[in-house]
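Structure record follows, encoded as structure tokens.
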Amino acid sequence: MEGELIVRKIKDGTVIDHIPQGKALLLLRLIGITGAEGYRLAVVSNVESRKMGKKDIIKVEGKELMGYEVELIALVAPTVTINIVRNYEVIEKRKISPPRIVRRLLKCPNNSCITNNDPEATSEFQLINQTPLLLSCSFCETMLNGEQVVKQLLGE
Amino acid sequence: MVGRSLISASELGRDQYEYLFREASKFNKSRPLLGKIVGLAFFEPSTRTYLSFETAAKRLGASVIGFQSEASTSVAKGENLGDTVRMLSSYADLIVMRHKFDGAAKFASSLATVPVINAGDGKHEHPTQALVDLYSIWKKFGGIDGLVYGLLGDLKYSRTINSLLRALDKFQPKKVYLISPPQLRTRQEILEKLKLPYEEVSKVDEVVGELDVMYVTRIQRERFPDEFEYMKVRDSYRVDQRVVQSMKEGSVVMHPLPRVNEIDRRVDGDPRAYYFKQASLAVEIRMALLDWILGGQ
Ligand SMILES: [Zn+2]
């Protein structure tokens with residue numbers, strides 16, 4: 001793994017590899033890691049990759065990603081591979097598959113959607129297509145594409 | 001269908017549409033829903049649809065409870081949609097609901113313990129209007145297949161058009177012309193799911209001679225996100241005697257009503273004017289639907 005040149009191997013935790021260049025910080029935000037949790041965290045950006053040209057890598061010591069977190073990552077970066085490390089060995093490579101239903105995380109772009117107008121109606125999207133990413137609001141059917149998803153997640 | 005909600009016109013299959021048409025046309029059960037209660041929750045007012053459902057329910061022997069418009073209920077005082085739906089669902093055997101927000105009926109059906117019929121949710125869907133429309137066409141032509149349809153008007157914000165397209169998609173229309181100014185074209189999320197042969201055109205004159213069914217909708221100011229957009233298109237189409245006279249003999253002009261000025265009143269006397277007959281068929285097809293869902297004997 002090319003990232004080893006910059007950051008040493010982790011003992012126990014997760015290595016998120018093959019992240020599209022520049023998306024590492026977005027992914028961290030997506031899984032709710034701010035740095036304040038106390039995990040030992042390494043973000044390596046713009047590493048050479050045979051497959052991708054340049055890529056990002058994230059290493060989180062002391063945390064194994066949960067299924068839901070993996071799904072969220074898959075939503076915006078389906079190329080990613082997730083390696084679970086125990087005692088310096090990769091014991092599991094998690095297969096990425098995007099969630100079929102995304103609840104609460106995203107806002108419907110339709111202002112007159114019930115989810116934007118009723119405090120009890122929380123947002124829900126169905127996965128229509130993986131690449132390019134396309135989601136559809138479960139209530140009003142308005143579409144949300146990958147660019148919109150990333151913008152929302154970055155708070156733009 | 002017994003016990004099920006009806007939120008989108010796409011939820012019914014061709015066989016189910018045809019079953020309802022047949023049931024509606026020969027309905028002769030005597031008060032099959034005696035003892036049932038139908039709840040009408042019209043968060044957005046509509047005298048026509050409200051009365052149509054009320055009449056249908058009462059003709060079936062059911063009792064009706066309900067309200068119309070936000071002003072007449074505690075919804076206006078801040079009680080939320082969810083609480084109202086939960087309350088109604090503990091009183092009634094079925095809820096017929098209209099609401100100004102898109103997706104409200106789906107949301108309500110996720111909370112209700114009884115079936116919910118969507119009687120219009122924002123600019124999303126109005127499946128029972130599509131039932132009325134197709135039933136009217138079935139009555140006139142003996143079927144839905146093989147006809148040429150022209151849907152004219154605001155195709156972008158019209159829930160009626162969305163539902164009609166999805167219902168038509170269960171059949172085999174020869175062709176569906178979507179006739180509207182460019183700003184009011186059918187939304188992509190609706191169009192891309194359709195299998196029926198359609199073509200978007202800007203002027204009714206281009207296709208009027210081919211049509212068996214001309215379906216006209218009104219432009220609804222309240223659906224437009226901004227007033228300026230509305231002002232630009234509000235008088236962009238009008239069906240007058242000249243237009244109707246270039247239609248085939250035996251063809252029909254339909255409209256979900258109420259109209260504003262998109263159909264000239266002088267068209268009313270033309271034999272092709274079918275909208276009043278269409279409106280008169282609303283009760284019997286809604287009776288067939290209520291009876292089906294509530295499993296009347
Ligand atoms: Zn929505």
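What you see is a predicted model, and the numbers here were worked out from it, not measured in a lab.
- Listed by chain and residue number, A:Glu141 satisfy the side-chain hydrogen bond (donor to acceptor under 3.5 Å, both in side chains) test with B:Lys193 (two or more places apart in sequence, or in another chain).
- Environment of CD in B:Glu227: crowded, with over 12 heavy atoms of neighbouring residues, nucleotides or ligands closer than 6.0 Å.
- A distance-only check finds a donor-acceptor pair linking the side chain of B:Lys170 to the backbone of B:Leu12 [under 3.5 Å].
- At a heavy-atom cut-off of under 4.5 Å, chain A is reached by B:Lys123, B:His124, B:Glu125 from residues 117-126 of chain B, listed in order of number.
- Here the closest heavy-atom approach between residue A:Val85 and residue A:Ile10 is recorded as CG1-O, 3.5 Å.
- Contacts of residues 112-125 of chain A with chain B at a heavy-atom distance below 4.5 Å involve A:Ser112, A:Cys113, A:Ile114, A:Asn117, A:Asp118, A:Glu120, A:Ala121, listed in sequence order.
- Side-chain contact check for B:Tyr215 versus B:Leu152: every heavy-atom pair is 4.5 Å or farther apart.
- Ring geometry for B:Phe43 against B:His99 counts as tilted: the plane angle lies between 30° and 60°, on a 0 to 90° scale.
- Contact record, B:Ala112 with B:Val85: CB-CG1, 3.8 Å, taken as the closest heavy-atom pair.
- The backbone N or O of B:Met87 sits less than 3.5 Å from a side-chain atom of B:Ser90, completing a donor-acceptor pair.
- When heavy atoms are compared at a cutoff of 4.5 Å, B:Leu111 approaches chain A solely by way of its side chain, counted from C-beta outward.
- The candidate with the highest count of non-hydrogen atom pairs below 4.5 Å against chain A, out of B:Ala104, B:Ala105, B:Pro225, is B:Ala104.
- Partners of A:Thr14 according to the side-chain contact (heavy atoms from CB on, under 4.5 Å) rule, which considers only residues two or more places apart in sequence or in another chain, are A:Ile16, A:Glu64, A:Leu65, A:Ile82, A:Ile84.
- Put simply, the side chain of B:Asp93 gets close to the backbone of B:Ile37: a donor and an acceptor are under 3.5 Å apart.
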